[in-house]
Amino acid sequence: MFDELNPEQEAAVRHGDGPLLVVAGAGSGKTMTLAARVASLIERGTRPERILLLTFSRRGAREMLSRAERLTEKGDAGRVWGGTFHAVGNRLLRLHGRVLGLTPDFTVLDQADGADVMNLLRDELGYSSRERRFPRKDTLAAIYSRTVNAGERLVDVLKGHYPWCLDEAEGIVDIFRAYTERKRRQHVLDYDDLLLFWKALATSPATRAQLATMFDHVLVDEYQDTNALQADILEGMRPSDGPRNLTVVGDDAQAIYGFRAATVKNILEFPERFPGTTVIKLERNYRSTPPILAASNAVIALSPQRHEKTLWSSRESELLPVLRACLDEAEQSDAVCRTVLGHREEGVPLKAQAVLFRAAHHSDHLEVELARRNIPFVKYGGLKFMEGAHVKDALAFLRILENPFDEVSWFRVLQLLEGMGPASARRLMDDLEVRRIDDAEAASPLARFLEEPLAVPKAAAQGIRDIRTALGDCLDADALPPAGQLARLRTFLEPLIARKYDAAASRTRDLEQLELLASESASRGQFLADLTLDPPSSTGDLAGPPHLDEDYLILSTIHSAKGLEWDVVHVIHAADGMIPSDMSTGDDDEIEEERRLLYVALTRARDALHVTYPQRYYRRPRGLEDSHSYSQRSRFLPDEVLLHFEVVGPQVVPVPDVPEPVTAAADVDAFLAGLWAD
DNA sequence: CACGCTTATATTTTT
DNA sequence: TATAAGCGTG
């Protein structure tokens, strides 16, 4: 097991008891080290089910555990508790939540669902029709989440990040109170609750001992992207006696989740918070060629924040990364297509190449161009699928079946019917007592909906009957698996969706995909939880296995590319306004995070790196006029950094030609004259 | 009260 | 560009 490790990696793997901080630079074999440590712990006698491995994505957990699996002789690494903080919290709370008053069948709200609840309350409490404008549902949800995750006071969060909402602080508090209260009553938890309740479980006198004795070793990947709440959980998980066997791995130069209240303080202050910490630095980079590493180092070196690491590589190559200025987006897309195909000719398959960008929509133009040239691709990042109204509609039915007190889902489902608007839906929900506090004596709203006579608008009567039979058919989860339930629901959902939304064909396809996804889950509750905790993150996830044999190019947001690597990496839109994004130039911390984002993108490359930026952006194709704006190279690539690149393309934007109107008019006149001549 | 139309507005990254 | 709020009509 230790043959392939360098001395620092080996020290990290062999480390015994006590807190361990591994500061692992980009490409320093971090994943391998962590996997080997898990394997080594098992070999040394720790039972796998007493190891907790927290990763940033479910993909990360899977990869690490399968590596550990190959390294262990017994091959039982699969029994390790692995997953994201949220997924593990979900699991723990279903096992031990009763003590905190949680029933094991709670449902989980994603961030959009939470926003919908906020919207309901915003309406009910009279904040939607007022003279002054009031924060929207998504803003409310964002403020709430940031406050909870950072553990800061609401006023401070408002002052720091939402100053324009300060005037409405009172109303916001009002809504937040109602929001938390309603979630409790309805047996729903949002993402933040999964962490909050886990923390409660880990710290409250009644349960902490039980939780602390569950695990002998806790390991955390990507520690730089955890927030205050997550750090508290880790601290709380320590056993009352015995060593704190906590291993965290991270790189402060790659912290890119500040917008989610992640804080680099966690990694920087780890040794103080956990006295007796052993610190190991991994500075040897196994991934990139020296020129790529030099360029990346040059970018991060300009950060005023300290990153006490210098990466070095012993690979051999003198090929400089390329920085290409393009006239406009069209030229950029063209250049990317050409270089991609060029590398493929040299034997680098498409799968070993990736195009990275700041925001999910930055690849729109390129996607059209790739499709036109028949270059297959899979795109990671963005949450498109789960955000589709039709997908939410279908899931709302399943959620009602799972949790009849799910107000948002009732509200959504009822309004699908013709003749049912918000007012009628509310009235019917009141009749069903969806908002009543659950007591075991009374019939559930769902039972009443299915059995009792209902007062509904005449136009909706038939629709209500259809919903009743459909829901009734799906009631018996034993008789009909989740996929079957979706199939049943689809029969009457499709006409409704066709009536309500456009692009019916593609929406129907999405529902089919959903059904396919459901067929992998054992139960309805499992399916819903999986979907919210691990939403499909790429079009490839949805397309399913058939695509896996083929070769395809990877498109990804930089955030989704974290922890991954490719032979050839193309970074597009390296222009100011894109990286850094115009939305995040508010304060220095935000700008530094954008710099690290570019650093993360550059360090994904093994053999070749191409950075491009357009010098001209056409405005949205709304008007017909040729309006455009000029852009500058990203501020993170100043002249001194360019020394590390081979610079190609025009550096000066050519002054647009002023057309000669006389000639053009003369041509038209001549043409017309020609038509009339006999 | 539902619904279709017009108009304003904010606009990133993701568990 | 997509969504939400506002307005007039049936």
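As the structure is a computational prediction, the values presented were derived from the model and not from experiment. To find a chain, count down the sequence lines: A is the first, B the second, and so on, and within it residues start at 1.
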Whole Å only: how far is the [atom1] atom of [X] from the [atom2] atom of [N]?
{"X": "A:Asp225", "N": "B:dT13", "atom1": "CG", "atom2": "C1'", "value": "11 Å"}
{"X": "A:Arg595", "N": "B:dT12", "atom1": "CZ", "atom2": "P", "value": "23 Å"}
{"X": "A:Asn149", "N": "B:dT14", "atom1": "CG", "atom2": "P", "value": "16 Å"}
{"X": "A:Leu54", "N": "B:dT15", "atom1": "CG", "atom2": "C1'", "value": "13 Å"}
{"X": "A:Glu594", "N": "B:dT12", "atom1": "CD", "atom2": "C1'", "value": "8 Å"}
{"X": "A:Glu222", "N": "B:dT15", "atom1": "CD", "atom2": "C1'", "value": "13 Å"}
{"X": "A:His361", "N": "B:dT14", "atom1": "NE2", "atom2": "P", "value": "12 Å"}
{"X": "A:Gln230", "N": "B:dT15", "atom1": "CD", "atom2": "C1'", "value": "9 Å"}

Identify whether any heavy atom of [X] sits under 4.0 Å from a base atom; if not, whether one sits that close to sugar-phosphate; answer base, sugar-phosphate or nothing.
{"X": "A:Ser424", "result": "sugar-phosphate"}
{"X": "A:Pro422", "result": "sugar-phosphate"}
{"X": "A:Phe85", "result": "nothing"}

Within the 4.5 Å heavy-atom criterion, are A:Val569 and A:Leu602 side-chain neighbours or not? no
Under a 4.0 Å heavy-atom cut-off, which of residues 189-203 of chain A touch DNA chain C? none
Kindly point out which of [options] is positioned nearest to the side chain of [X]?
{"X": "A:Arg136", "options": "B:dT9, B:dT13, B:dA2", "value": "B:dT9"}
{"X": "A:His86", "options": "B:dT15, C:dA4, B:dT14", "value": "B:dT15"}
{"X": "A:His559", "options": "B:dT14, C:dA4, B:dA2", "value": "B:dT14"}

Please evaluate residues A:Leu598 and A:Leu637 with respect to the criterion side-chain contact (heavy atoms from CB on, under 4.5 Å), reporting the C-alpha separation (whole Å), side-chain torsions for both, the decisive distance (0.1 Å), and the verdict. CA-CA 10 Å; A:Leu598 179 60; A:Leu637 298 168; 4.2 Å; yes
Determine whether the aromatic ring of A:Phe259 stacks with the base of B:dT13, defined as ring centroids separated by less than 5.5 Å and ring planes inclined by less than 30°. yes
Return no unless some side-chain N or O of [X] is found under 4.0 Å from OP1 or OP2 of [N].
{"X": "A:Thr139", "N": "B:dA10", "value": "no"}
{"X": "A:Arg358", "N": "B:dT11", "value": "no"}
{"X": "A:Ser560", "N": "B:dT14", "value": "yes"}

Using the test salt bridge (Lys or Arg N to Asp or Glu O under 4.0 Å), find all partners of A:Glu152 that sit at least two apart in sequence or belong to another chain. none
Which residues pass the salt bridge (Lys or Arg N to Asp or Glu O under 4.0 Å) test with A:Arg94, sequence neighbours left out? none
Is it true that a side-chain atom of A:Thr55 and a backbone atom of A:Gly60 form a donor plus acceptor pair closer than 3.5 Å? no
Run the ring-centre check on A:Phe636 versus A:Tyr599 and record whether the distance is less than 6.0 Å. no
Establish, yes or no, whether a centroid distance under 6.0 Å links the rings of A:His559 and A:Phe259. yes
Closest-nucleotide ordering on DNA chain B, the 5'-leading residue of A:Glu418 and A:Phe56: A:Glu418
Residue whose nearest DNA chain B nucleotide is more 5′ - A:Ser581 or A:Thr84: A:Ser581
Should we count CG of A:Asp105 as having more than 12 external heavy atoms under 6.0 Å? yes
